[in-house]
Number of protein chains: 2
Amino acid sequence: MARTTISNVAEEAGVSVSTVSRALRGLDKVNPDTRKRVEAAAERLNFSFSKSASSLASGKTMKVAVLLPNEISSWFNSHAFEGIYEVLSKQGYDVIPNVMWEQRDLDRFFKALPNNQNVDAVIVVSFDLDDDKKRILSELTVPVIGLNNPSDEGFDASARIDDFAAMRSAVRLLHSLGHRNLAYIEQPVTSPFTCSAEARVNGFRAAVREVGYRDEDVLVIPSVKRSGVPGGQEEYSGIAAQLLSAPVRPTGICVEHDGCAAALVKELRRLGWDIPGEVSVIGFDDSDIADITGLTTIHQDPVETGRQAAMRALSLMRGECPETPYGVMPTSMVLRDTTGPAAESEA
Amino acid sequence: MARTTISNVAEEAGVSVSTVSRALRGLDKVNPDTRKRVEAAAERLNFSFSKSASSLASGKTMKVAVLLPNEISSWFNSHAFEGIYEVLSKQGYDVIPNVMWEQRDLDRFFKALPNNQNVDAVIVVSFDLDDDKKRILSELTVPVIGLNNPSDEGFDASARIDDFAAMRSAVRLLHSLGHRNLAYIEQPVTSPFTCSAEARVNGFRAAVREVGYRDEDVLVIPSVKRSGVPGGQEEYSGIAAQLLSAPVRPTGICVEHDGCAAALVKELRRLGWDIPGEVSVIGFDDSDIADITGLTTIHQDPVETGRQAAMRALSLMRGECPETPYGVMPTSMVLRDTTGPAAESEA
DNA sequence: TTGAAAGCGCTAACAT
DNA sequence: ATGTTAGCGCTTTCAA
């Protein structure tokens, strides 16, 4: 059977196509009776609009692209996407994930972007864009919204957490617990895109300086710069070794995110370290893993961040100007069982 | 600036629009020189096709809908989606998640489905559909692919794990370890859609019978049928109480999925139970949490399942018939630190 | 190998 | 409040 079109409905209801269009879209200036008749006809014929035809005629695609780094199933990405989806899908938008696996995916996307009339807005999640790309964004006719990007440049609106402030609160906690030597651990195996990783380690560096630690009291263990390696427990024994061989052993440790932190805690305990007795460990995100393993961590709510970004996208697409286009989402410390006073702090 | 259209490119290249269309889509019967000229012109003008216009003219939408229960960020859904996305996006398809939060979302989706020319295929993830909906599916002109659905009825192809076989292997393991009394724990707080939950508990029930347990040696603790309640640790002390108050205390426990299993293990240990000394616990999924908490579990690979479903969608959309339309994906036991021989088994 | 022309199904002026 | 009509940007016969 051929597709039911708007003109079939018009015929069935005994009105013109434009009346059907108006009636079914809930526009005003249509007689309630007529509308009822049209709706009944549409129901009878099981009619639904062709999105392509609507888009082509109206110029609105009712699609929003979401640019995601590395994968969609990571804790942050999937939850941020969830929030975006929740808001936009309720308004009838198709929310289309665009996962960037490598730099060339991103380059290709931006190459096609300037002329792209295939989406009504794009939401960019966790990318540290170069100047070229920022310029492309700023020249775009469709709104571009940032989510957890290091800078708001090029974006018409954004929502993000303050990685700096978050790391500062972690560093302050460790400081107040009397820890004199700190370490920061990056995720052992890196992905091609690592923008929030960088934000955090930079936040940590700035925070320790601010709080008054000397450079020699602070150790940063960078990620092993090869990707694709299975991130097994072995990576963490390497990290433990580095921790042990430090000139002065750090007792307060910040880790890039909960998954790493939990794995590190497990490895250190396996090696006989007492956590939180000897050493304190703080994660980041407050994901399920932090809860189940009793990890002290920094809580953030990516679903809500996603909602905020999407709401700003919505008002921008309506041609409005959001009251607060550039918002910072809160983070908070969650104290669990991996932090405690430094052993020497009483001495 | 107005949008660059195919006719701009045609003008720039000094050819007709149809030639541009052919050249840029890589069709044959176009002179290599002409194609080069067209490509150069397109590049210069930064041209890219309007998907709406292409869809409308060609009848192919280049979109695939993915029907997901409850949320997209759950472990299974996000990983299954990842696999689907990976395969389809590489072929130029937009992959559009459609999350069903409640029954009425599903009803509405199916109501609009029969006439839907807005997607080229739909992939249905983890729904136990009623006969009405199965009938709608089977009458559809676009291919419908199932992913982890209890039945293949109504689907043109599918990929799924065998929850029954998986549970049987878990039950057999516990049996061979000498556990005489088993329990199955459903997720304490339920979501509106619970199709794989049901598959598993049914698999468990069938498996214990098959292996020879008597009904009085088996306890099933159903989920608390209220949704929206925060799934805190309290739920698990309730479960522990039920376990304790059982006529005969179960020593082999299967849990619906890893998240619940880990939380239960934590609670039981807090209450002083020795795991795996006194009691063995087996999860399901082999998610990060199982790894980090040392949980024995049943491994499955939803990304690969998603890939398989998507590949079948692809060949169906091409009008081919997949070699094996209905595939079962493997699962396997992963032994970790929550299972061991029953205490009495030596006696 | 290329071009001309007729739609695809809808929206949005503009009339009435 | 409703109808008429001209496209939206592309694909696809059909001719040349």
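A, B, ... follow the sequence lines: proteins, then strands. Residue 1 opens every chain. Keep in mind that this is a model prediction, so the values were computed, not measured. Every heavy atom of this structure was used, including side-chain atoms; hydrogens, water molecules and symmetry mates were not.
Closest contact between the side chain of A/S16 and the listed nucleotides D/dC10, D/dT2, C/dA4 involves D/dT2. Across C/dT2, C/dT11, D/dG9, the shortest atom-to-atom separation from the side chain of B/S50 is found for D/dG9.
Residue A/S55 is classed as having no contact, given no heavy-atom separation below 4.0 Å to the nucleic acid.
Classification of A/E304 and A/R307 as a salt-bridged pair holds, one side-chain N sitting under 4.0 Å from a carboxylate O.
With hydrogens and angles left out, the side-chain atoms of A/N148 and A/S196 include no donor and acceptor closer than 3.5 Å.
The CD1 atom of B/I6 sits 13 Å away from the C1' atom of C/dG3 (whole-angstrom rounding). When the P atom of C/dC8 is taken as reference, atom CG of B/D120 falls 19 Å away, rounded to whole Å. Counting to the nearest Å, the P atom of D/dG9 and the CG atom of B/L45 are 15 Å from each other. Across the protein-nucleic acid pair, B/M62 atom CE and D/dT11 atom C1' stand 14 Å apart, rounded to whole Å. Put simply, NZ on A/K29 is 15 Å from P on C/dA15, counting in whole angstrom units. Following rounding to the nearest Å, B/L56 (CG) and C/dT11 (C1') show an atom-to-atom distance of 12 Å. Per the geometry, CG belonging to A/N116 stands 14 Å off C1' belonging to D/dG9, to the nearest Å. Following rounding to the nearest Å, A/N31 (CG) and C/dT16 (C1') show an atom-to-atom distance of 17 Å.
Looking only at distances, no side-chain donor or acceptor of B/Y93 sits under 3.5 Å from a matching main-chain atom of B/L314.
Rounded to the nearest 0.5 Å, atoms OG (A/S89) and CD1 (A/I84) are 11.5 Å apart. Separation of atoms CG (B/D120) and CE (B/M62) is listed at 7.0 Å; rounding is to 0.5 Å.
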Could you run down the sub-3.5 Å N/O contacts of the protein with nucleotides 12-16 of chain D?
unit_1	atom_1	unit_2	atom_2	d
D/dT12	OP2	B/R25	NH1	3.3

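Considering only side-chain N and O atoms, A/T19 lies under 4.0 angstrom from the phosphate OP1 or OP2 of D/dG3. Distances shown here put every side-chain N or O of A/S52 at or beyond 4.0 Å from the OP1 or OP2 atom of C/dC10.
Counting only heavy atoms from C-beta outward, the side chains of A/L88 and A/I123 approach each other to under 4.5 Å.
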Quick one, B/N8 with B/E12, criterion side-chain hydrogen bond (donor to acceptor under 3.5 Å, both in side chains). Give me CA distance, side-chain angles, the key distance, then yes/no.
CA-CA 6 Å; B/N8 296 320; B/E12 173 88 7; over 6 Å; no
